[in-house]
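To start, the structure itself, in structure tokens.
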Amino acid sequence: MYAPYPENMMESIKKVEATRAERMATEPRRLTADEKDALLKKFHPDYNPDAFAEIKVGANKGQKAPLQLAEMLHSTSRLIKDKVDITKVDYDVDVLVIGGGGAGSSCAIEANKAGANVMIVTKLRIGDANTMMAEGGIQAADKENDSPVQHYLDCFGGGHFAAKPELVKRLVMEAPDAIKWLNELGVEFDKDADGRMVTTHGGGTSRKRMHAAKDYSGAEIMRTLRDEVINRGIPVVEFTSAVELIKDDKGQVAGAVLLNMETGDYSVARAKTVVIATGGAGRMHYQGFPTSNHYGATADGLILGYRAGASLLYQDSIQYHPTGAIYPSQILGALVTEKVRSVGAQLVNANGEAYIHPLETRDVNASGVIRECSEGRGVEVPGGAKGVWLDTPMIEILGGEGTIEKRIPAMFRMYMNYGIDMRKVPIVIYPTLHYQNGGLEITGDGFTKEIPNLLVAGEAAGGIHGTNRLMGNSLLDVIVFGRNAGKKAAAKYKDV
Ligand code: MEZ
């Protein structure tokens, strides 16, 4: 049972609420629905708002949504083929990487190192990716009291024994080298006074194996990878989406049709191997949930792969991050990194009870929040939504090394900019759609089973985490499977 909350807490909350009201009053005009449709039609001539009604936010079509989307776009794909002459080649490369996040960049770096002519094509800009959003850290069993076997057991159990063993094995065995690689590329991991990397616990981990760059680990990793891609002179075609894979008469992947999002022009990339590294699908807002994902996370890779004939795995399994902010409302929808629970924050219901261990796995913590709310122990926020307190002031009360500002500086600063002092005001949270556990099915080597020379890396691939992912294993997965795809693609293109 907790000590009662400070009496002035509601005062602080009222103050930030007033600031928000002021800001909203000066908010710029938003596009009307007609204006939005006109814009979409300009860039996607085949756009048909009625076809999209099926997957509208809140339609609660549940976890079948990606399949519905894929089936729907299967028919429009024929239109693209009619419009584009695929014999007119605009780009001719050995390895085409679709996606400019952590997986795509790691892949391109390794392929380039191995001597392949590699090109990245990305719908937004390089680094606009969920890699940026993973704040808390990256896991690797590289300390004396730990081992990849222990890491394997944590992942396999945490993922409800549903992961593909050969994928988990690659993930954990190559994790220590992934950290070394990132460190050598220039990632500034947290270190102690003797220069040794500091590791902490994350949800569901039996050992302290979370390597972090404060609370901006993903951004630090992405910054480093992006610099490396640029320094190596790897061509990056930005604001260009791959809309269709091209296969040759043997059924092997042979390139992709690309769409320039700014001009609406199509182009053709011929490639000997193709890597799908397009990330997740959080922006599909399955079941009407808010999401922690970046704007580009719209299931693109799943659709590309599915339309070309690759199988999907565990599309019925989505991860909800337990701590999406719902109050104060300036930060509505923002991800509150799991790192805050690693360093002492607790989940507390309306009765002031810390009802769960904060470092339980994400599925347990997320369903715990929903249970507390549905059984009448939720904290009501203005507007009537319910959540539970994320008691960040506990970070300093529970002790440990360093102040909140030092341990989670990025989040602390961001909240301060909104007038919220995390040392004093607990935040109200509710689960937010965070990660697709499923994706395109891959073999232990990262290839799709059905389409020769097509690889998948990162969140677009399914089966690595089973039906629940542990914190810090996504940053790990993008590096391990991204690097693997780059090496495999580069080894393969010479035979094609
Ligand atoms: O692995 C993640 O999803 C992650 C590190 C997120 C976070 O809470 O920071």
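Both ligands and their constituent atoms are indexed starting at 1 by order of listing. Sequence positions, counted from 1, serve as the residue numbers for this chain. The analysis underlying the following values was restricted to heavy atoms, covering all of them including side chains, and did not include hydrogens, waters or symmetry mates.
- Close contacts of ligand 1 with Glu135, meaning ligand atoms under 4.0 Å from a residue heavy atom, involve 7 (C), 9 (O).
- Asn484 and Glu174 share no side-chain donor-acceptor pair at under 3.5 Å.
- An N or O contact shorter than 3.5 Å links Thr337 to ligand 1 by distance.
- Near Gly472, with a cut-off below 4.0 Å to any heavy atom, the atoms of ligand 1 are 1 (O), 2 (C), 5 (C).
- In summary, the side chains of His465 and Asn473 do not present any donor paired with an acceptor at a separation below 3.5 Å, with no hydrogens or angles considered.
- Using modelled atom types, one finds a donor on one side chain and an acceptor on the other under 3.5 Å when comparing His434 with Ser292.
- Close contacts of ligand 1 with His321, meaning ligand atoms under 4.0 Å from a residue heavy atom, involve 7 (C), 8 (O).
- Using a cut-off of 4.0 Å between Lys/Arg side-chain N and Asp/Glu carboxylate O, Arg209 and Asp154 are scored as salt-bridged.
- Comparing Arg469, Arg362, Arg341 by heavy-atom distance to atom 6 (C) of ligand 1, the nearest is Arg362.
- Using modelled atom types, one finds a donor on one side chain and an acceptor on the other under 3.5 Å when comparing Asp363 with Thr361.
- Distances below 4.0 Å separate heavy atoms of Glu338 from the following atoms of ligand 1: 7 (C), 8 (O), 9 (O).
- Between atom CD of residue Gln150 and atom SG of residue Cys155 there is a gap of 10.5 Å, rounded to the nearest 0.5 Å.
- At under 3.5 Å, not a single nitrogen or oxygen of Met471, backbone or side chain, sits near a nitrogen or oxygen of ligand 1.
- The shortest N or O to N or O distance between His434 and ligand 1 is below 3.5 Å.
- Scanning the protein heavy atoms around atom 5 (C) of ligand 1, the nearest turns out to be Gly136 N, 3.5 Å.
- For the pair Leu470 and ligand 1, the shortest N or O to N or O distance does not fall below 3.5 Å.
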Could you please spell out the steps behind the salt bridge (charged side-chain N to carboxylate O under 4.0 Å, His left out) verdict for Glu441 and Lys164? CA-CA 10 Å; Glu441 188 168 5; Lys164 287 176 89 171; 3.3 Å; yes

